[in-house]
There are 2 protein chains.
Amino acid sequence: MKQLLKVQNFNVSSDGYGAGENQSLERPFGHADPREMFAWAGATASWPNRTEPGGSRGLDDYLTRDFSHNIGAEIMGRNKFGPQRGPWRDHEWLGWWGDEPPFHTPVFVMTHHQRPSFTLSDTTFHFVDDDPATVLAMAREAAQGKDVRLGGGATTIREFLDADLVDTLHVAVSPMKLGSGTRLWESPEELLDRFHRDVVPSPSGAVTHHLFWHK
Amino acid sequence: MKQLLKVQNFNVSSDGYGAGENQSLERPFGHADPREMFAWAGATASWPNRTEPGGSRGLDDYLTRDFSHNIGAEIMGRNKFGPQRGPWRDHEWLGWWGDEPPFHTPVFVMTHHQRPSFTLSDTTFHFVDDDPATVLAMAREAAQGKDVRLGGGATTIREFLDADLVDTLHVAVSPMKLGSGTRLWESPEELLDRFHRDVVPSPSGAVTHHLFWHK
């Protein structure tokens with residue numbers, strides 16, 4: 001069974017941006033409002049941050065709960081891990097996710113600046129300075145036969161798409177424009193030369209799901 | 001976390017039948033053609049019976065691969081287990097599924113006729129003569145905290161719906177009429193007094209998914 005490289009539950013604006021400009025500690029998505037972008041997932045019963053019972057169990061919930069299905073490692077870009085740029089000035093920053101990150105697997109953070117690995121709960125973060133194919137090989141080995149999730153951001157996903165390493169992508173397109181930021185695509189049609197696609201408008205009305213798989 | 005009772009990947013014709021008439025060893029679905037009814041699932045990469053690589057990884061695949069997600073036990077009616085009626089005349093019949101049934105959990109077969117439990121691979125079949133609530137309590141205990149799948153057939157699902165024990169249902173409605181057989185509903189609208197629903201036409205064109213969850 002092939003180990004897939006999968007993009008899952010990645011959100012972009014209708015003009016193709018995965019995050020806005022000016023990311024900061026207070027604004028992980030820059031000028032984009034994550035509550036607005038992720039409203040479709042937050043409304044589901046399986047949303048990992050849900051603290052009270054309830055939530056929908058329709059189409060959006062299938063996509064939300066598939067997040068960790070058969071996933072053995074995650075790859076992310078440095079800007080998904082945190083707002084710092086350049087050399088790590090301190091090692092206090094341990095990511096946005098608190099003491100229990102939602103990954104539960106090894107996570108490979110792509111950065112040009114070395115930093116020791118550390119573990120929070122059952123998630124271990126490794127910091128790697130290599131090309132996409134090499135990082136994918138490391139993540140595949142760490143995943144022990146399971147699939148690898150490519151977590152984002154848009155720039156990192158683009159690098160793996162350009163190297164033609166991505167097997168499946170689920171991108172949720174929100175009906176809002178950002179105008180600037182980090183862009184995944186000009187248009188989802190760009191990928192149709194290499195991917196099959198299902199376009200599924202969510203019955204919740206909050207988003208349209210684009211499900212791609214490699215030809 | 002509540003242990004859900006879930007119907008998953010259950011197929012009916014556009015006139016509401018889950019199987020045709022005159023079930024036999026040669027025709028598990030009676031006069032219905034299972035290849036036609038299940039074509040949507042058979043085309044997916046995650047279809048358990050797939051023997052060669054390939055298959056789609058779009059919407060239908062999300063539904064197919066969710067089949068065993070967090071499931072700890074299955075309940076089925078006797079007519080899903082096999083074509084015999086009345087007292088068990090022999091114990092040679094071990095189900096339709098060969099030496100490796102796709103359940104991988106305890107399975108509770110509802111029947112008025114006693115028979116000893118047996119195990120095939122990692123699936124154990126138990127034969128129980130009780131009301132739906134009692135069988136569900138047994139299955140919940142066997143599931144050890146995970147959810148319970150209600151596998152069918154239509155008559156068995158109806159019993160649990162009438163007892164208001166079902167939490168979520170995924171029913172795939174095929175664009176074909178059977179005219180007679182075992183019926184799940186006259187119309188899916190019957191359930192809307194007690195359930196929310198997403199209706200999602202599959203982009204494959206082979207089926208329409210109805211995703212219900214209890215209000």
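By convention in this document, chain letters (A, B, ...) are assigned in the order of the sequence lines, proteins followed by strands, and residues within each chain are numbered from 1. Side chains included, hydrogens not; waters and symmetry mates left out as well; all remaining heavy atoms used.
The shortest side-chain heavy-atom distance between B:H126 and B:F118 does not fall under the 4.5 Å cut-off.
Under the rule for a side-chain hydrogen bond (donor to acceptor under 3.5 Å, both in side chains), B:T111 has no partner lying at least two apart in sequence or in another chain.
A:F67 and A:F103 have tilted rings, their planes meeting at an angle from 30° to 60° on a 0 to 90° scale. Using cut-offs of 30° and 60° on the angle between ring planes, the pair A:W93 and A:F81 is perpendicular.
At a heavy-atom separation below 4.5 angstrom, chain B is approached by A:T168, A:H170 within residues 161-180 of chain A. Within residues 183-199 of chain A, the residues that have a heavy atom under 4.5 Å from a heavy atom of chain B are A:D198, A:V199, listed by number. Identified by a heavy-atom distance below 4.5 Å to chain B, the contributing residues of residues 207-215 of chain A are A:L211, A:W213, in residue-number order.
Ion pairing between B:R27 and B:E21 fails under the 4.0 Å rule for side-chain N and carboxylate O.
Between the side chain of A:R140 and the main chain of A:Q3, a donor-acceptor pair closer than 3.5 Å is present. No side-chain donor-acceptor contact under 3.5 Å links B:R149 to the backbone of B:L5. Counting only distance, with no hydrogens or angles, the side chain of B:S13 and the backbone of B:Y17 share a donor-acceptor pair below 3.5 Å.
For the set A:G54, A:P53, A:A45, A:G58, the entry with the most heavy-atom pairs within less than 4.5 Å of chain B is A:G58.
A cation-pi geometry, defined here as NZ or CZ lying under 6.0 Å from the six-membered ring centre and within 45° of its normal, holds between B:R65 and B:Y62.
Annotation: B:N49, atom CG; neighbour count of heavy atoms from other residues, nucleotides and ligands within 6.0 Å is above 12.
For a residue to count as touching a neighbouring chain, one of its non-hydrogen atoms must lie under 4.5 Å from one of that chain's; by this rule A:L63 touches chain B with backbone and side chain alike. The contact between A:S56 and chain B is made by backbone and side chain atoms together, counting heavy-atom distances below 4.5 Å.
In this structure, a donor-acceptor pair under 3.5 Å is absent between the side chains of B:H104 and B:T123. If you check the side chains of A:T134 and A:D131, you find a donor sitting under 3.5 Å from an acceptor. Side-chain atoms of A:T64 and A:S46 form no donor-acceptor pair, as typed in the model, at a separation below 3.5 Å.
Shown are A:D60, A:N9, A:N11; of these, the side chain to side chain donor-acceptor pair (under 3.5 Å) with A:W40 is made only by A:N11.
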